[in-house]
Amino acid sequence: MKAIVHTKYGSPDVLRLKEVERPTPKENEVLIKVQAVSVNRSDWEGLTGSPLYARFGGLLRPRHQILGSDIAGRVEMVGRNVLRFQTGDEVFGDVSMRLGGFADYACALEKTLALKPAGLTFEECAAIPQGGVVALQGIRDKGQVQPGQKVLINGAGGGAGMFAVQLAKLYGAEVTGVDNTGKLDFLQSLGADHIIDYTQEDFTKNGQQYDLILDVIANRSVFAYRRALRPNGSYFAVGGSAARLFQILLLGPWIRRTAGKKIRILAVQPNLNDLVHIMELWEAGKIVLFIDKRYSLIEVPEALQYLGDGRVKGKVVIIVEHNNRA
Ligand SMILES: NC(=O)c1ccc[n+]([C@@H]2O[C@H](COP(=O)([O-])OP(=O)(O)OC[C@H]3O[C@@H](n4cnc5c(N)ncnc54)[C@H](OP(=O)(O)O)[C@@H]3O)[C@@H](O)[C@H]2O)c1
C-alpha cells in the first residue's frame, strides 16, 4: 500500500510517499481502507517532534512513522475478537493510540471506532473526532459551562477551537474567540460574541476576566492566566509548550489554594459516546463544521505545511483515492 512516511523529525520535507506493507489487524483491531483522514496539530507536532511531549516513545526518531489520526473508511478485515464490525462497514474515529492514517489502509482498535452515519460523507466524519471530543470534554465536562458565563477560547479558529466556540455558545455562554487576524471573520461566523487578534492584543492584559478559559496553545505564564480568570474561574490547557504545561502542573495546585482559581491541563479521554454526541449535534444542525481545504494522499506534506504556516480555518482533510490501485 502507499503511505506517507517520516523516519526523522523535521519539516514536511522529510515526508516521503512510500510503498509499505499493509498492516494486519491484531485480535481486537480492525483494518480500514482509508477514504479520508483529517490533519490535526498533533500530526504537525508528531512530524516536527515539538513540543517535547510529541517525542513520547521516540526521543530521537519517531515511534510512529506514519502519522494521521482522524480517519474514516471501510472495514477491510477484522481481528478475531472484534464483535461490533464486519467487512464492508463504514466507520470513523480517532486512532491516535496507533496513528497510521496517512495511508491507503490503517489498523485501529475496535473500541476507538464508530459506524459512519449513512447521511454523512467520509470527509465530514474524518474532520470531527479529535477536535470535537477535545472541545466537548473541555467545555461540557471539565468547564461545566453555564448560561451567562464568560468563556474565552484561545486558538479558537483551529480544529478544537472551532467546536469549542460553538459548544460554549450552545450552553449559553458569552464567548470570546482568540486567533490570528486572518481568522477573525471565521470566529464571528462560528458565533463568537467577541474576537481578539492575538497578534495585536494579549487577552491576559486587557483587564477582562473569564469564568472559563480553554487554551489550545498555552504559551503564557500561569500568573497571566490567573489574572484573566474571575474568582472561582477555571483555565484548561489543551496543548502548548512543554515548559508551560510543566509550569501549570507545578504551580496550578498552589494557585488553586491561594487564589481559588483552577489552572489545569485538560487530559482528554478518548470516548466513543462523546464522539457520537458531537456527530449528533452536527447532524441536528446545532453546530457546523468548516473544512478549509482538501488534499490528496500525495499532498500530505502541503497540507501539513498549510497548518504549520498558520493558515487553516477549522480543518483540512486528505481524501484517499484508491482508483487505479490494488
Ligand atoms: N490535552 C489532550 O489530551 C489533547 C488531546 C488531543 C490534542 N491535544 C492538543 O490540542 C492541541 C489542539 O490543537 P488543534 O487541533 O485545535 O490545533 P489547530 O487546529 O492548529 O488550532 C490551533 C489554533 O491556535 C492558533 N494560535 C496559534 N498561536 C496562537 C496564539 N499565540 N494565540 C492564540 N491562538 C493561536 C492557531 O492559529 P495560527 O494559524 O495562527 O497558528 C490555530 O488557529 C494540539 O496541541 C494537540 O496536541 C491535546
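Numbering of residues begins at 1 and proceeds along the displayed sequence. Ligands are counted one by one from 1 in listed order, and the atoms in each one are counted from 1 as well.
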For the [atom1] atom on [X], are there more than 12 heavy atoms of other groups (residues, nucleotides or ligands in this structure) within a distance under 6.0 Å?
X    : atom1 : answer
N81  : CG    : yes
F246 : CZ    : no
E283 : CD    : yes
R61  : CZ    : no

With heavy atoms of [X] as the reference, note each atom of ligand 1 found under 4.0 Å away.
X    : answer
G157 : 43 (O)
Q130 : 6 (C), 7 (C)
G239 : 45 (O)
V134 : 5 (C), 6 (C)
E45  : 44 (C), 45 (O), 46 (C), 47 (O)

_Sub-3.5 Å N/O-N/O distance, I265 and ligand 1_ =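 No, I265 has no N/O under 3.5 Å of an N/O on ligand 1.
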
*asked:* Under 4.0 Å, counting heavy atoms only: does G131 come that close to any atom of ligand 1?
replied: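 It does not; every heavy atom stays at 4.0 Å or beyond.
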
*Is K183 salt-bridged to D197, going by a charged N under 4.0 Å from an acidic O?*
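The answer is no: the pair does not qualify as a salt bridge.
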
_salt_bridge(R230, D211) N-O dist < 4.0 Å_ =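 Answer for the salt bridge query: yes.
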
Which residue holds the protein heavy atom closest to [atom], what is that atom called, and what is the gap in Å?
atom                    : answer
atom 24 (O) of ligand 1 : G155 CA, 3.1 Å
atom 10 (O) of ligand 1 : V238 CG1, 3.2 Å
atom 26 (N) of ligand 1 : Y198 CE2, 3.8 Å
atom 33 (C) of ligand 1 : N154 OD1, 3.0 Å
atom 21 (O) of ligand 1 : G158 CA, 3.3 Å
atom 16 (O) of ligand 1 : A160 N, 2.9 Å
atom 19 (O) of ligand 1 : G159 N, 2.7 Å
atom 11 (C) of ligand 1 : V216 O, 3.8 Å

Candidate with minimal heavy-atom separation from [atom], of [options]:
atom                    : options                : value
atom 31 (N) of ligand 1 : I217, N219, T199, L307 : N219
atom 1 (N) of ligand 1  : V316, I196, L266, V268 : L266
atom 18 (P) of ligand 1 : R41, K313, R220        : R41
atom 25 (C) of ligand 1 : V39, D43, D179         : D179
atom 39 (O) of ligand 1 : R311, K315, K183       : K183

For [X] and [Y], which I'm curious about, is there any donor-acceptor pair between the side chains at under 3.5 Å?
X    : Y    : value
N154 : Y198 : no
H194 : E174 : yes
K315 : N40  : yes

*asked:* When you measure from the centre of the six-membered ring of F236, is the NZ or CZ of R264 closer than 6.0 Å and no more than 45° off the axis?
replied: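 Because its charged atom misses either the 6.0 Å distance or the 45° angle limit, R264 does not stack over F236.
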
*Assess the pair F290 and F186: is the distance between their ring centroids shorter than 6.0 Å?*
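Close enough - the centres of the two rings lie under 6.0 Å apart.
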
*Region of A267 engaging ligand 1 - heavy atom pairs below 4.0 Å*: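 It is the backbone that touches ligand 1; the side chain stays farther off.
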
_Shortest non-hydrogen contact from I298 toward I4_ =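 Answer, listing the atom of I298 first, then I4: CA-CD1, 4.3 Å.
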
_So does A108 get a backbone contact from the side chain of R98, meaning a donor-acceptor N/O pair under 3.5 Å?_
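No, the answer is negative, given that no donor and acceptor are paired below the 3.5 Å cut-off.
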
